[in-house]
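Let me begin by presenting the structure, written as structure tokens, before commenting on it.
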Number of protein chains: 2
Amino acid sequence: MGTVTKALSLLGYFSHGRPEIGLSDLTRLSGMNKATVYRLMSELQESGFVEQADGDRSYRLGPQVLRLAALREAAVPILSVSRRVLKDLSTQTGETTHLSLVQGSQLNSLSHAYSPRHATRVMMEDAEVLTYHGTASGLAVLAFAEPDFVDAILSGPLHSHTAATVTDPEAIRAHLREVRKVGMAQSVGGFEAEVHSHAVPVFGPDAKVIGALAVAAPVSRMTADQAALIPEALRGAGRTLTHRIGGAAPADYPNEAAA
Amino acid sequence: MGTVTKALSLLGYFSHGRPEIGLSDLTRLSGMNKATVYRLMSELQESGFVEQADGDRSYRLGPQVLRLAALREAAVPILSVSRRVLKDLSTQTGETTHLSLVQGSQLNSLSHAYSPRHATRVMMEDAEVLTYHGTASGLAVLAFAEPDFVDAILSGPLHSHTAATVTDPEAIRAHLREVRKVGMAQSVGGFEAEVHSHAVPVFGPDAKVIGALAVAAPVSRMTADQAALIPEALRGAGRTLTHRIGGAAPADYPNEAAA
DNA sequence: AACCAATGGTTCAAATAATGAACCAATAAT
DNA sequence: ATTATTGGTTCATTATTTGAACCATTGGTT
């Protein structure tokens, strides 16, 4: 691992649950030497990627990342485009919808929309890490990802989020074959109990999967009507989003042919 | 310059005008060795901070920056808070408004709002670099920045954007004293011709200036009425934004006492 | 008040990783 | 057909990173 990769990997320890991290904690989390972590963080701080919280001396993400994200969006406006698609999809289905993108070996939720129709709804946060094996979005991505990538994910540790999480690699592979056939993944209580999610893959310009679009509803609201309406609306939204970002579905993707 | 700083500095060459950069260009821009740039970019790519555009092999910012920006916003929600303030300020003034933040030694526009009132309006882009000496926002920041910081900026090269740009350090310092007195900066055609900008500083929790809030109007619309209304609305918006992000104005900031 | 265990931060010889000139293959321009 | 330029690679030399040990402070225990 090069020095730069090491420094950037430190940024990976920040999350919603851990927005600020002290030097000692970072040392423990990363397993690196304290002096090393200190020097790397000092460099990241110099560049504005992290800053030190006021009273405390612990680190948090810095303002420089905002500039980069704004430029990224200007070059590849996935988030801004997705907001419209998500809003429409939430309106159509009456449920919470979200977009997640593949970032290295992890899948991150990055944009979401709610519907005002029901008082109860599935809540989402942006920049949350989703597992590939335990979420409909993750399965939708895996089903259309490169075999090497799938192998890498399935050979890693597969945690159980709920009692309903499938963690057996062979069972997951069987599931993926099914997803490939219908072009959509479902997960009932696999990540959060009482949540029924549908997800379709989103493709980039090279016809490679770059993320997933999902509808998350309380299981109690999954009536026959909804179970018919959601897949249809979702498939349409997936096609729209892939198209608007200049993407293209691969030849073997069933939703296109069926459209 | 450490290796990490060097790698991150490469990200600084991306902008709206240059969203994708090839290896040779990046080598020339940075003045580093080609092999070095290649290795650094490879590491940045590995971490998802840049990616290579499809057909071309040139680099552009990667998806990983989106995740970090979402987390930064979750920890310090300046952008989301500012959007409301900017929208209100645009409605009140009928003009374009924008927020810029200090990021290291540069000032970046990061959020903006338009008013639908007039057909012509000053256009803005996010993640644009503003100069300290040539914009109202920059002057508002400098006027309340640490003396060392001001010295560093004014001792660097000061480019002329338009015929009206003031580039003499002593003239700028005199201007800054004036800004400190009234708590607001103005620039008429200093960055873009025909644009009259007003700006107030925004302060962080430690009473240090972190950026500026500005109203940008065509000079032709700067009637006596507007020239009275804009400063008042802007001062109010500045106070609101500083307050909402948990910031505090320093004791010598005049807008507070006047309120 | 003395003690202990944390914390963030610093030092310096030893180990390792970064560097840069030269080189290659493949396009693009003349 | 020739030349320049592109992205990418190599490897001995060089310079940076590393890590164990060390401080100074802080907060909690007894």
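Letters A, B, ... mirror the listed sequences (proteins, then strands); counts begin at 1.
DNA chain C lies under 4.0 Å from at least one heavy atom of each of the following residues of residues 2-20 of chain A: A:Gly2, A:Thr3. Contacts between residues 36-48 of chain A and DNA chain C, defined by a heavy-atom separation below 4.0 Å, involve A:Tyr38, listed by number.
D:dT30 and C:dA1 make up a base pair, with Watson-Crick or G-U wobble contacts both under 3.5 Å.
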Atom pairs under 3.5 Å: protein N/O with N/O of nucleotides 26-29 of chain C:
none

Could you pull out the protein-nucleic contacts involving nucleotides 11-14 of chain D (nitrogen or oxygen on both sides, under 3.5 Å)?
none

Polar atoms only, N or O, under 3.5 Å: list the protein pairs with nucleotides 20-24 of chain D and their distances.
none

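A:Arg83 places a side-chain heavy atom less than 4.5 Å from the side chain of A:Ser111. Using a 4.5 Å heavy-atom threshold, the side chains of A:Met32 and A:Leu10 count as touching. The shortest side-chain heavy-atom distance between A:Tyr59 and A:Tyr13 does not fall under the 4.5 Å cut-off.
Looking at residues two or more places apart in sequence or on another chain, you find a salt bridge (charged side-chain N to carboxylate O under 4.0 Å, His left out) between A:Arg39 and A:Glu43. Considering only residues two or more places apart in sequence or on other chains, A:Arg84 meets the side chain to side chain donor-acceptor pair (under 3.5 Å) condition with none of them. Annotation: salt bridge (charged side-chain N to carboxylate O under 4.0 Å, His left out) contacts of B:Glu51 (sequence neighbours excluded): A:Arg72, B:Arg60. Residues satisfying the side chain to side chain donor-acceptor pair (under 3.5 Å) criterion with B:Asn33, sequence neighbours excluded, are absent altogether. Residues forming a salt bridge (charged side-chain N to carboxylate O under 4.0 Å, His left out) with B:Asp25 (at least two apart in sequence, or on another chain): B:Arg28.
When atom types are taken as modelled, the side chain of A:Ser47 and the backbone of A:Phe49 share no donor-acceptor pair closer than 3.5 angstrom. No donor-acceptor pair under 3.5 Å is formed between the side chain of A:Ser100 and the backbone N or O of A:Asn108. The closest donor-acceptor contact from the side chain of A:Thr162 to the backbone of A:Phe191 lies at 3.5 Å or more, if one exists at all. The main-chain N or O of A:Ser58 is never found under 3.5 Å from a side-chain atom of A:Gln52 such that the two would form a donor-acceptor pair.
Note on B:Ser24: a side-chain N or O is less than 4.0 Å away from OP1 or OP2 of D:dT6. Not one side-chain nitrogen or oxygen of B:Arg28 sits closer than 4.0 Å to the OP1 or OP2 atom of D:dT5. A sub-4.0 Å separation between OP1 or OP2 of D:dG8 and a side-chain N or O of B:Tyr59 is present.
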*asked:* For A:Leu213 and A:Val202: C-alpha separation, side-chain torsions, deciding distance, then whether side chain to side chain contact (heavy atoms under 4.5 Å, CB included) applies.
replied: CA-CA 7 Å; A:Leu213 199 58; A:Val202 176; 4.2 Å; yes
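Between the P atom of C:dG20 and the CG atom of B:Leu23 lies a distance of 14 Å, rounded to the nearest Å. Between B:Glu51 atom CD and D:dG7 atom C1' the separation is 18 Å, expressed in whole Å. To the nearest angstrom, C1' of C:dT16 lies 15 Å from CE of A:Met1. Between the CZ atom of A:Arg57 and the P atom of D:dT26 there is a distance of 8 Å, given to the nearest Å.
Salt bridge B:Asp151/B:Arg173: present, at least one basic N to carboxylate O contact under 4.0 Å.
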Distance-only check: which donor-acceptor pairs under 3.5 Å involve side-chain atoms of residues 74-81 of chain B, not counting sequence neighbours?
unit_1  : atom_1 : unit_2  : atom_2 : d
B:Ser80 : OG     : B:Glu73 : OE1    : 3.2
B:Ser80 : OG     : B:Pro77 : O      : 3.3

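Applying the side chain to side chain donor-acceptor pair (under 3.5 Å) test to pairs two or more places apart or on separate chains, those with a residue in residues 129-146 of chain A are A:Thr131-A:His161.
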